[in-house]
Colleague: 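Got a structure for you, written out below as structure tokens; questions coming shortly.
Computed from heavy atoms alone, side chains included, the values below leave out hydrogens, waters and symmetry copies. By convention in this document, chain letters (A, B, ...) are assigned in the order of the sequence lines, proteins followed by strands, and residues within each chain are numbered from 1. All figures in this text were calculated on a predicted structure; none of them were measured in a lab.
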Number of protein chains: 2
Amino acid sequence: MTLIAEQAAQNGVSTAAADASKERLRLWLKLLKATRLVEADLRERMRSQFITTLPRFDVMAALRRAPEGLRMSELSSALKVSNGNVTGIVDRLVSEELIVRTPVHNDRRAMIVRLTAKGCEEFDALAAAHESWVDGLFGGVGRDEARELGRALDRIAAEAAAHMEATREGRVNQDD
Amino acid sequence: MTLIAEQAAQNGVSTAAADASKERLRLWLKLLKATRLVEADLRERMRSQFITTLPRFDVMAALRRAPEGLRMSELSSALKVSNGNVTGIVDRLVSEELIVRTPVHNDRRAMIVRLTAKGCEEFDALAAAHESWVDGLFGGVGRDEARELGRALDRIAAEAAAHMEATREGRVNQDD
DNA sequence: CCGAGATATTTCAAGCTTAAAATTTTTACG
DNA sequence: CGTAAAAATTTTAAGCTTGAAATATCTCGG
């Protein structure tokens, strides 16, 4: 916000820039609210109907698409979560025999993680239920509307990813 | 998914219903991805520039709008998080003298939580930065587009809230 | 007044999440 | 070959989150 706009806002006078900024803030709050509500609903259904959690589901979904398995580092970058996080979730899934860790031949540092037959079965049941839950929750969104929404979300995601990338690479910016 | 649609899907034959379902699932994944990226970016900026976190910001924002303060239960229902969660966050904010807990006269069970002067100051600086960060991230979304996006998000949020409410009240449904 | 049930909050156990430090192994250069 | 830097993973400390159990207090009918 510019100095002039800020002073205007402090005086209760609105400017086009300040209005647009408030509107974007409201949009972000709506986005956050909708996402949290959907997540809470899905979490509750996973918990009560399948005795599992969304993070476990995410890990299993990534592995389902990789029949040969994934390295721990591939898994954490696919899910965009920290390495240590994946370690914990994988530990628990291994202890329930839903996935297996196998060492990599050429590289004794690395581990490959793969779904077991039991893990595949459980995931497929979970995934079918999950799709139907989402279908119900998003039923009120029309096809054209969904496409437009998707494009806007892609732009927002790209902007956030670009900013984080730039920050991580040490770029310095006056308003960071 | 109906039995026929499921068989069709298993045969690799697509149906209108199955297509729509997959499209809604993709929309949900995009929504989740965009929200998580924005949250990660905001979290990182809060952490590195203000040494604080989003949950703390949320608590302070709720209190900023309530000069008389809020009860712990009002706070947790405003933020839609569990009671125990708020207890922990408030404990930490109190230890930094950003908020204060005061007993309620008529009711020795209850506590009122309020921002201190220091808390107000810190929040206002934080909130200004937060608004400008969001403004930057959402700059690519046009005004009309934002309005339409907002309406769709409201519908999705309402659907999720309604389902959770119905579940909590013990309604039984075949596909829950 | 008293006790049962309701209400407000905290505590607890378990799991998720991150950033940073530690560990182990590999790679590549001198 | 030897070793320093890089890479893969795990560990750790701190905080967030939930649901459920525990505490403390209040309300209200008898």
Colleague: Using atom CE of A:M111 as one end and atom P of C:dT25 as the other, report the distance to the nearest whole Å.
Modeller: 12 Å
Colleague: Write down the distance between CG (A:N106) and P (C:dT26), rounded to a whole number of angstrom.
Modeller: 9 Å
Colleague: For A:K80, does its backbone N or O pair with a side-chain atom of A:S77 as donor and acceptor, under 3.5 Å?
Modeller: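 Not confirmed, A:S77 side chain does not pair with A:K80 backbone.
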Colleague: Let me know the distance between CD1 of A:I51 and P of D:dA20, rounded to the nearest Å.
Modeller: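 About 13 Å, once rounded to whole Å.
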Colleague: Apply salt bridge (charged side-chain N to carboxylate O under 4.0 Å, His left out) to residues A:D19 and A:K22 and explain how you reach the verdict.
Modeller: CA-CA 5 Å; A:D19 279 0; A:K22 295 287 180 210; over 6 Å; no
Colleague: With no angle test and no hydrogens, is the base of C:dT25 tied to the side chain of A:R108 by a donor-acceptor pair under 3.5 Å?
Modeller: no
Colleague: Tabulated below should be each protein N or O lying under 3.5 Å from an N or O of nucleotides 15-18 of chain C; please produce it.
Modeller:
| unit_1 | atom_1 | unit_2 | atom_2 | d |
| --- | --- | --- | --- | --- |
| C:dC16 | OP1 | A:T53 | OG1 | 3.0 |
| C:dC16 | OP2 | A:R92 | NE | 2.5 |
| C:dC16 | OP2 | A:R92 | NH2 | 2.2 |
| C:dT17 | OP2 | A:N85 | ND2 | 3.4 |
| C:dT17 | O5' | A:N85 | ND2 | 3.2 |
| C:dT18 | OP2 | A:S82 | N | 2.9 |
| C:dT18 | OP2 | A:S82 | OG | 3.2 |
| C:dT18 | OP2 | A:N85 | ND2 | 3.2 |

Colleague: It should be established whether A:R101 places a side-chain nitrogen or oxygen under 4.0 Å from OP1 or OP2 of nucleotide D:dA8.
Modeller: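 For D:dA8, neither OP1 nor OP2 has a side-chain N or O of A:R101 closer than 4.0 Å.
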Colleague: Figure out the CE/C1' separation between A:M72 and D:dT10, and round it to whole Å.
Modeller: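 Going from A:M72 (CE) to D:dT10 (C1'), I get 9 Å.
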Colleague: Closest nucleotide of DNA chain D for A:E74 versus for A:E44: which of these residues is on the 5' side?
Modeller: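 Comparing both residues, the 5'-ward one is A:E74.
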Colleague: Which whole-number value in Å describes the distance from B:L93 CG to D:dC16 C1'?
Modeller: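 Checked: the CG to C1' distance equals 13 Å.
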Colleague: Expressed as a whole number of angstroms, how long is the span from A:M46:CE to D:dT17:P?
Modeller: 20 Å
Colleague: Closest approach to the side chain of B:T87, judged atom by atom: which nucleotide of C:dT25, C:dA6, C:dT10 is it?
Modeller: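 So the side chain of B:T87 is nearest to C:dT10.
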Colleague: Output a table of donor-acceptor pairs, distance under 3.5 Å, between side-chain atoms of residues 55-66 of chain A and any protein atom two or more places apart or on a different chain; print 'none' if there are none.
Modeller:
| unit_1 | atom_1 | unit_2 | atom_2 | d |
| --- | --- | --- | --- | --- |
| A:R56 | NE | A:T52 | OG1 | 2.8 |
| A:R56 | NH1 | A:E96 | OE2 | 3.0 |
| A:R56 | NH2 | A:E96 | OE1 | 2.8 |
| A:R56 | NH2 | A:E96 | OE2 | 3.4 |
| A:R64 | NE | A:D124 | OD1 | 2.8 |
| A:R64 | NH2 | A:D124 | OD1 | 3.4 |
| A:R64 | NH2 | A:D124 | OD2 | 2.9 |

Colleague: How about CD on B:E97, more than 12 heavy atoms from neighbouring residues, nucleotides or ligands closer than 6.0 Å, or not?
Modeller: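 No, not enclosed.
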Colleague: What's the CZ-P distance between A:R71 and D:dT9, to the nearest Å?
Modeller: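 Result: 6 Å.
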Colleague: Sub-3.5 Å donor-acceptor pair from the side chain of A:E145 to the main-chain atoms of A:G142, do we have one?
Modeller: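 Yes, the answer is positive, given that a donor and an acceptor are paired below the 3.5 Å cut-off.
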Colleague: Would you compute the distance between atom CZ of B:R101 and atom CZ of B:R114 and round it to the nearest 0.5 angstrom?
Modeller: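 Result: 13.5 Å between the selected atoms.
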Colleague: From C-beta outward on A:S73, which listed nucleotide comes closest to its side chain: D:dT9, C:dT26, C:dT9?
Modeller: D:dT9
Colleague: Is there a donor N/O on one and an acceptor N/O on the other, under 3.5 Å, for the side chain of A:R109 and the base of D:dA7?
Modeller: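 Checked by distance alone, the answer is yes.
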Colleague: Rounded to whole Å, how long is the line connecting atom CG of A:L75 with atom C1' of D:dA7?
Modeller: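 Result: 17 Å.
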Colleague: Side chains of A:R45 and A:H130: do they bring a donor and an acceptor to under 3.5 Å?
Modeller: no
